[in-house]
Amino acid sequence: MPGRYTLFHTLEEIAEKFNVKLPDFDFQPRYNATPSQLLPVIIIERGERVMKMMRWGLIPPWAESVAIGNKMINARSETLAEKPSFRNALKSRRCLIPVDGYYEWLVTEKGKQPLLISLKSKETFAFAGLWEIWKSPVGDVIYSFTAITTEPNEFIARIHHRMGAILTANQDDWLSDKLILKQHLDILKPYPSEEMTARPVSKMLKDVRLDVPELLDEKFMGRTDAQPKEMGTLF
DNA sequence: CCAGACGTTGTT
DNA sequence: GTCTGG
DNA sequence: CCAGACGTTGTT
DNA sequence: GTCTGG
């Protein structure tokens, strides 16, 4: 399931891929995007696709603090329509979460080995997501999102018992208000195994402060001794 | 009526 | 906010 | 997802 | 064990 991911294209490339205007905010390519961070999502606003930065971890409108969002980084597709935290967002606040790949931790005898899961085509894809707007007691407004999970395909099942709901050709359908509830839910199915791939990455990934391309570098595969400080100057 | 939950994953 | 449980 | 905290009082 | 923060 999506708990960390990559989005290592430029804002220009992402905007073009998802058919939105180039936003006026800045974005640095990401190799270790983690929950609670501001990350780009695509929504429909006044009938047009736009890119917004939102906090990963959906905060329901009734929440008393942002902390709730830390528990809402994923939403099960099977129960979305009933859950008080998600059902309203499902009706009117669906989003695309641009992703180049996401990480799973494969549990082995030698410990946890992080894997980067991506498409064989190397194309940027999207997780189906939901977003919310939350007002803090002091009036701050926070936009947040969650990534939807589904059962795994045969390929992912060897690694984990859930997977993110991946969208490629059906991204317009997910955002469209012309579909009915069942049609939206039908989109949230396992992505075809034959189009997916996985490869091991550096165990240093576990440090949420590290967000550098070298996490994907062969030289650092499995290394746990290097320190974050070292990584910053090593290349 | 009021109070309390509202979520997922993984592990036991 | 809205539903469930007591 | 993983890592790290998990607490209060009083003093600076 | 469970929650928070990143």
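Each chain gets a letter, A, B and so on, in the order its sequence line appears, and its residues count up from 1.
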Using purine N1 to pyrimidine N3 plus N6-O4 or O6-N4 for Watson-Crick, or N1-O2 and O6-N3 for G-U wobble, each under 3.5 Å, what pairs with B/dC6? C/dG1
Please answer whether the main-chain N or O of A/Pro192 pairs with a side-chain N or O of A/Glu195 as donor and acceptor at a distance below 3.5 Å. no
To the nearest angstrom, the CG-P distance between A/Leu115 and D/dC2 comes to 12 Å
Only distances under 3.5 Å count here; give the side-chain donor-acceptor pairs of residues 88-96 of chain A to other protein atoms, sequence neighbours excluded, each with its distance to 0.1 Å.
residue	atom	partner	partner atom	Å
A/Ser92	OG	A/Asn88	O	3.3
A/Arg93	NE	A/Trp131	O	3.4
A/Arg93	NE	A/Glu132	OE1	3.4
A/Arg93	NH2	A/Glu132	OE2	2.7
A/Arg94	NE	A/Trp174	O	2.6
A/Arg94	NE	A/His184	NE2	3.3
A/Arg94	NH1	A/Leu90	O	2.8
A/Arg94	NH1	A/Lys91	O	2.9
A/Arg94	NH2	A/Leu175	O	3.4
A/Arg94	NH2	A/Ser176	O	3.0
A/Arg94	NH2	A/Asp177	OD1	3.0

Using whole Å, what does the distance between atom C1' of nucleotide D/dC1 and atom CG of A/Leu39 come to? 13 Å
In whole angstrom, what separates A/Gln113's CD from D/dC2's C1'? 15 Å
Rounded to whole angstroms, how far apart are CZ on A/Phe127 and C1' on B/dT8? 15 Å
When the C1' atoms of B/dC6 and D/dG7 are compared, how many Å lie between them, rounded to an integer? 29 Å
Quick check on the hydrophobic clustering: are A/Val208 and A/Leu116 connected, directly or via other members, by side-chain heavy-atom contacts under 4.5 Å? no
For residues 86-122 of chain A, which residue pairs qualify under ring pair (Phe, Tyr, Trp, His ring centres under 6.0 Å), counting only residues two or more places apart or in two chains? A/Tyr102-A/Phe127
Any chance you could measure A/Phe145, atom CZ, to A/Arg55, atom CZ, to the nearest 0.5 Å? 10.5 Å
Members sharing A/Val66's hydrophobic cluster (side chains within less than 4.5 Å): A/Ile59, A/Trp134, A/Ile142
Considering only the P atoms, how many Å lie between E/dG6 and B/dC1, rounded to the nearest integer? 41 Å
Which value, in whole Å, describes the distance between the P atoms of nucleotides B/dA3 and D/dG10? 34 Å
Expected output is a numbered-order residue list: members of residues 76-98 of chain A with a heavy atom under 4.0 Å from any atom of DNA chain B. What is it? A/Arg76, A/Thr79, A/Lys83, A/Pro84, A/Ser85, A/Phe86
Distance check, C1' atoms only: B/dT8 and E/dT4, in whole angstrom units. 16 Å
If the condition is side chain to side chain donor-acceptor pair (under 3.5 Å), which residues does A/Asn70 pass it with, not counting sequence neighbours? none
With the criterion being N/O to N/O and under 3.5 Å, what pairs connect the protein with nucleotides 3-6 of chain E, and how long is each?
residue	atom	partner	partner atom	Å
E/dG5	N7	A/Asn70	ND2	3.2
E/dG6	N9	A/Ser36	OG	3.3
E/dG6	N7	A/Pro35	O	3.1
E/dG6	N7	A/Ser36	OG	2.6

Using whole Å, what does the distance between atom P of nucleotide D/dC1 and atom NZ of A/Lys203 come to? 18 Å
Heavy atoms only, 4.0 Å cut-off, all strands: where does A/Ala63 land among base, sugar-phosphate and nothing? nothing
Stacking between A/Trp105 and D/dC2, defined as ring centres under 5.5 angstrom apart with planes under 30°, is that present or not? no
For residues 31-41 of chain A, which side-chain donor-acceptor pairs fall under 3.5 Å, sequence neighbours excluded?
residue	atom	partner	partner atom	Å
A/Asn32	OD1	A/Arg4	NH1	3.1
A/Asn32	ND2	A/Leu205	O	3.1
A/Asn32	ND2	A/Asp207	O	3.2
A/Asn32	ND2	A/Leu210	O	2.8
A/Thr34	OG1	A/Gln37	NE2	3.1
A/Gln37	OE1	A/Arg30	NH2	2.5
A/Gln37	OE1	A/Thr34	N	2.9

Quickly work out the A/Ile148 CD1 to B/dT8 C1' distance and round it to whole Å. 13 Å
Rounded to whole Å, how long is the line connecting atom OH of A/Tyr102 with atom C1' of B/dT8? 15 Å
Can you tell me, in whole Å, how much space there is between the P of B/dT9 and that of D/dA5? 27 Å
B/dT8 P sits how many Å from A/Trp56 CH2, rounded? 15 Å
Mind jotting down which residue pairs meet the salt bridge (Lys or Arg N to Asp or Glu O under 4.0 Å) criterion with at least one end in residues 98-123 of chain A? Sequence neighbours excluded, please. A/Lys17-A/Glu123
Sequence-distant partners of A/Thr168, side chain to side chain donor-acceptor pair (under 3.5 Å), two or more places apart: A/Tyr191
